[in-house]
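Since this is a predicted model, take the numbers as computed values, not measurements. Proteins come first, then strands; the chains are lettered A, B, ... in the order of their sequence lines, and each starts at number 1.
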Amino acid sequence: MIQYERMNKVLPQNFFNRPTLAVSDELLGCFLCRQIGKKTTRLKITETEAYDGPEDKASHASRGKTTRNAPMFGKAGQFYVYFTYGIHWMLNIVTGPKDYPAAILIRGTDKVTGPARLTKFLSIDKSFNKKPATRKTGLWFEDRGEVIKQSEIKRTPRVGVAYAGPVWSKKLYRFKTS
DNA sequence: TAAGTGATCTCT
DNA sequence: GAGATCACTTAA
């Protein structure tokens with residue numbers, strides 16, 4: 001965490017309105033928070049995956065704006081939730097400026113690993129699509145002062161993106177702490 | 001290791 | 001309207 005001052009607080013909209021790769025990196029060690037009724041669940045984020053810009057062939061946005069991926073073109077700090085494999089919801093947080101399609105897939109946390117298991121565990125579905133990441137939404141991010149050393153962060157190719165071609169499938173856009 | 005599940009996309 | 005695709009999990 002270099003660019004952004006770390007404090008024990010809810011990550012604001014402008015945290016996400018920055019380069020996607022920087023946000024992907026700095027989101028590690030932050031907490032994904034979900035409030036259902038009076039109960040709040042906090043999970044430490046350990047794995048993220050970046051989908052950055054219109055040129056990224058692995059991104060839903062690579063073939064232009066559609067009804068489904070429209071949230072990626074919206075302003076930073078809102079969720080992009082989509083359904084895949086007939087069963088699973090995927091939770092992404094939109095990054096970068098408006099009209100620049102980018103988002104980060106939240107792949108795993110300390111207690112719950114796997115993007116689909118995460119959404120199932122936290123009861124996240126389409127209703128969070130396009131919603132801002134705030135307490136009011138019931139789903140938000142917090143910086144609770146956890147420090148992740150750069151040496152602890154592993155960067156690897158993204159999952160399931162062989163179709164994106166030799167250049168984009170090899171990008172080290174997946175961030176993981178050990 | 002393969003089946004399951006269904007929205008979305010891309011072609012007719 | 002039909003058929004392929006898909007950034008996954010589970011059960012075996």
For this session: Taking all non-hydrogen atoms of both residues into account, name the closest pair between A/K176 and A/L28 and its distance.
Result: N-CD1, 4.1 Å
Exercise. Can you check whether A/K75's main-chain N or O pairs, donor with acceptor, with A/N17's side chain at less than 3.5 Å?
Worked result: no
Exercise. Pairing of DNA chain C as dot-bracket, 5' to 3': ( ) intra-strand, [ ] crossing, | other strand, . unpaired, with Watson-Crick or G-U pairs under 3.5 Å?
Worked result: ||||||.||||.
Problem set entry | Whole angstrom value for the distance that separates C1' of C/dC6 from CZ of A/R158 | 15 Å
Exercise. Does A/Y51 lie flat on the base of C/dA7, that is, centres under 5.5 Å apart and planes under 30° off?
Worked result: yes
For this session: Please work out whether the ring planes of A/W168 and A/Y173 are parallel, tilted or perpendicular, with thresholds of 30° and 60°.
Result: perpendicular
Exercise. Just how far, in rounded Å, is P of C/dC8 from OH of A/Y82?
Worked result: 7 Å
Exercise. Has the side chain of A/T137 got a donor or acceptor atom that lies under 3.5 Å from a matching backbone atom of A/L139?
Worked result: no
Between protein and nucleic acid, restricted to nucleotides 9-12 of chain B and to nitrogen or oxygen atoms under 3.5 Å apart, what atom pairs and distances do you find?
from  : atom 1 : to    : atom 2 : distance (Å)
B/dC9 : OP1    : A/T66 : OG1    : 2.4

For this session: Starting from the C-alpha separation in whole Å, work towards a yes-or-no answer on side-chain contact (heavy atoms from CB on, under 4.5 Å) for A/V159 and A/E49.
Result: CA-CA 9 Å; A/V159 172; A/E49 210 166 83; 3.8 Å; yes
Exercise. What class does the angle between the rings of A/H60 and A/Y80 fall in, given that below 30° is parallel, 30 to 60° is tilted and above 60° is perpendicular?
Worked result: perpendicular
Write down the protein N/O and nucleotide N/O pairs, taken from nucleotides 2-5 of chain B, whose separation is under 3.5 Å; answer none if there are no such pairs.
from  : atom 1 : to    : atom 2 : distance (Å)
B/dT5 : O2     : A/Y85 : O      : 2.8

For this session: Rounded off to whole Å, could you give me the OH-to-C1' distance for the A/Y80 and C/dC6 pair?
Result: 11 Å
